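The structure under discussion appears below in the form of structure tokens.
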Amino acid sequence: MATIVMKFGGTSMAGIERIRHVATRVAREVERGHRVAVVVSAMAGETDRLVGYCREASPLADPAEYDVVVASGEQVTTGLLAITLNAMGMKARSFLGWQLPVTTSDAHGLARILDIGTDALNLALDAGVVAVIPGFQGMTAGGRVTTLGRGGSDTSAVAVAAALKADRCDIYTDVEGVYTTDPRIVPRARKLAKITYEEMLELASVGAKVLQTRSVELAMKEGVRLSVLSSFSDEPGTLVVSEDEIVEQELIAGVAYDRNEAKVTIVAVPDRPGAVAAIFGALAKANINVDMIVQNIAHDRPLTDVTFTVPRTELGRARKVLEAVRDQVGYDRLIADENVVKVSVVGVGMKSHAGVAVTMFRALADRGINIQAITTSEIKISVLIAEEYLELAVRVLHTAYGLDAPA
Ligand code: ADP
Ligand code: ASP
Ligand code: MG
């Protein structure tokens with residue numbers, strides 16, 4: 001008898017008809033004699049709607065109360081799935097975040113899971129009861145409701161799988177697995193049978209939202225057997241594995257993009273020790289993540305420009321923070337541009353092959369796409385480009401690296 005965690009995303013849970021379909025998937029695993037825990041997302045669009053209510057009520061909503069509101073979407077689908085499973089003759093019950101409990105840090109809106117109580121859960125599973133658990137939500141040690149950041153139900157599922165020492169964690173979504181790029185942008189994207197944790201982690205962190213970054217991090221750390229597959233078909237999905245389980249390594253695993261980027265240029269910064277520290281120190285203090293950074297040395301005068309990116313959703317706050325340190329830093333002015341996106345190529349093959357970056361730069365140049373900033377890691381190259389070129393860039397890079405599926 002195996003222990004299995006199944007996670008169903010928003011599209012799979014959108015409406016009673018789809019929830020019934022999910023229940024038939026759960027029934028299959030129950031009939032095979034497995035112990036089954038199911039983690040669910042809110043119905044597609046619901047979390048956005050709830051976030052919208054909070055903003056409308058107050059742009060400065062208390063993050064703890066924001067969490068109370070946005071966590072509710074998952075409570076609804078959890079109850080509805082338990083009802084549906086019961087109606088189909090299966091034993092099932094809900095375990096909300098505070099009931100297990102899923103204990104988290106107190107970083108409201110972006111909390112980290114610290115611990116999951118498994119006593120009640122194991123009792124239920126041993127008695128043949130399907131445990132239905134809302135993703136995305138938890139509770140602080142002090143008893144307040146938290147949420148894990150957008151897309152966080154993936155992380156809930158992996159954390160439950162790790163806590164139960166489950167044999168598998170199956171992430172059911174609205175595409176058939178992990179592709180070489182977003183199949184909604186490139187119809188010729190190829191489904192990968194396997195991908196390494198390392199590559200999946202990098203792809204997720206540069207924007208491939210098919211899995212939340214933290215879920216991959218956790219699966220890698222805890223050795224959770226993670227797969228991504230479709231709720232709507234029986235095709236085999238993608239298995240996330242360690243490097244030694246891959247026989248023939250491709251040079252590039254995939255291409256990803258991130259629209260949540262804004263470019264900030266600080267013009268005429270004094271070229272002296274401490275200036276950059278003052279700029280980024282202020283942003284860090286405000287909890288604003290800086291991603292790409294470009295700084296040139298000053299040539300003919302002791303001033304330089306510093307360019308970097310922040311999440312587009314944080315640009316307003318970043319501006320305020322930077323204007324407040326203008327006199328201290330001694331810069332001239334700030335220019336912001338929201339019309340940018342980041343496009344990245346990821347692959348462990350890069351570690352041992354030269355010329356990967358040049359292929360990227362040439363493919364973009366051939367289409368007249370200008371590169372505004374570049375960052376690299378051992379297995380990733382990212383470029384910042386104008387947003388209007390996003391789809392074209394992803395498509396030409398997919399072709400340039402030989403990733404297109406046969407026509
Ligand atoms: P869920 O609600 O099931 O969590 P998400 O919308 O969070 O689903 O994630 C699935 C989506 O991720 C797909 O619909 C697809 O558009 C997008 N996606 C982005 N990059 C990839 C990729 N490389 N492979 C598969 N899907 C991707
Ligand atoms: N419902 C949450 C969101 O939309 C969490 C999730 O679906 O993973 O971000
Ligand atoms: Mg998701």
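Note that the structure is a prediction, hence the values are computed from the model and not measured. Atoms within each ligand, like the ligands themselves, are counted from 1 in listed order.
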Item to check | ligand 2 N/O within reach of Gly149 N/O, cut-off under 3.5 Å | outcome: no

Next on the checklist: At less than 4.0 angstrom from any atom of ligand 1, which residues have a non-hydrogen atom? List them by chain and residue number.
Outcome noted: Lys7, Gly9, Gly10, Thr173, Asp174, Val175, Gly177, Val178, Tyr179, Thr181, Asp182, Pro183, Arg184, Ala208, Lys209, Val210

Item to check | Any side-chain donor near an acceptor of the partner, Thr155 and Gln212, under 3.5 Å | outcome: yes

Next on the checklist: Suppose I only count heavy atoms of Thr47 and a 4.0 Å limit; which atoms of ligand 2 are within that range?
Outcome noted: 1 (N), 2 (C), 3 (C), 4 (O)

Checklist entry - Got an N/O contact under 3.5 Å between Ser153 and ligand 2? => result yes

Next on the checklist: Tell me whether Gly151 reaches ligand 2 (any heavy atom closer than 4.0 angstrom to a ligand atom).
Outcome noted: yes

Checklist entry - Counting each atom of ligand 2 from 1 as listed, which ones have a heavy atom of Gly152 under 4.0 Å away? => result 5 (C), 8 (O)

Item to check | For atom 7 (O) of ligand 2, closest protein heavy-atom neighbour | outcome: Ser41 OG, 2.9 Å

Checklist entry - Can a salt bridge be assigned to the pair Glu314 and Arg317 using a cut-off of 4.0 Å between side-chain N and carboxylate O? => result yes

Next on the checklist: What protein heavy atom lies closest to atom 4 (O) of ligand 2? Include the residue and the distance to one decimal.
Outcome noted: Arg150 NH2, 3.0 Å

Item to check | Salt bridge Asp305-Arg333, side-chain N to carboxylate O under 4.0 Å | outcome: no

Checklist entry - Who passes ring-ring contact (aromatic ring centres under 6.0 Å, His included) against Phe280, sequence neighbours left out? => result Phe308

Checklist entry - Does the side chain of Thr140 come under 3.5 Å of the side chain of Asp106 through a donor N or O and an acceptor N or O? => result no

Checklist entry - In terms of side-chain heavy atoms, does Thr3 have a donor or acceptor partner in His34 at a distance below 3.5 Å? => result no

Checklist entry - When you check the side-chain N and O atoms of Thr307 and Gln295, is any donor under 3.5 Å from an acceptor? => result no

Checklist entry - Any side-chain donor-acceptor pair under 3.5 Å between Asp404 and Thr399? => result yes

Checklist entry - Side chains of Glu243 and Thr196: do they bring a donor and an acceptor to under 3.5 Å? => result no

Checklist entry - Side chain or backbone of Glu74 under 4.0 Å from ligand 2, or both, or neither, by non-hydrogen atoms? => result side chain

Checklist entry - Should Glu245 and Lys194 count as an ion pair when the cut-off is N to O under 4.0 Å? => result no

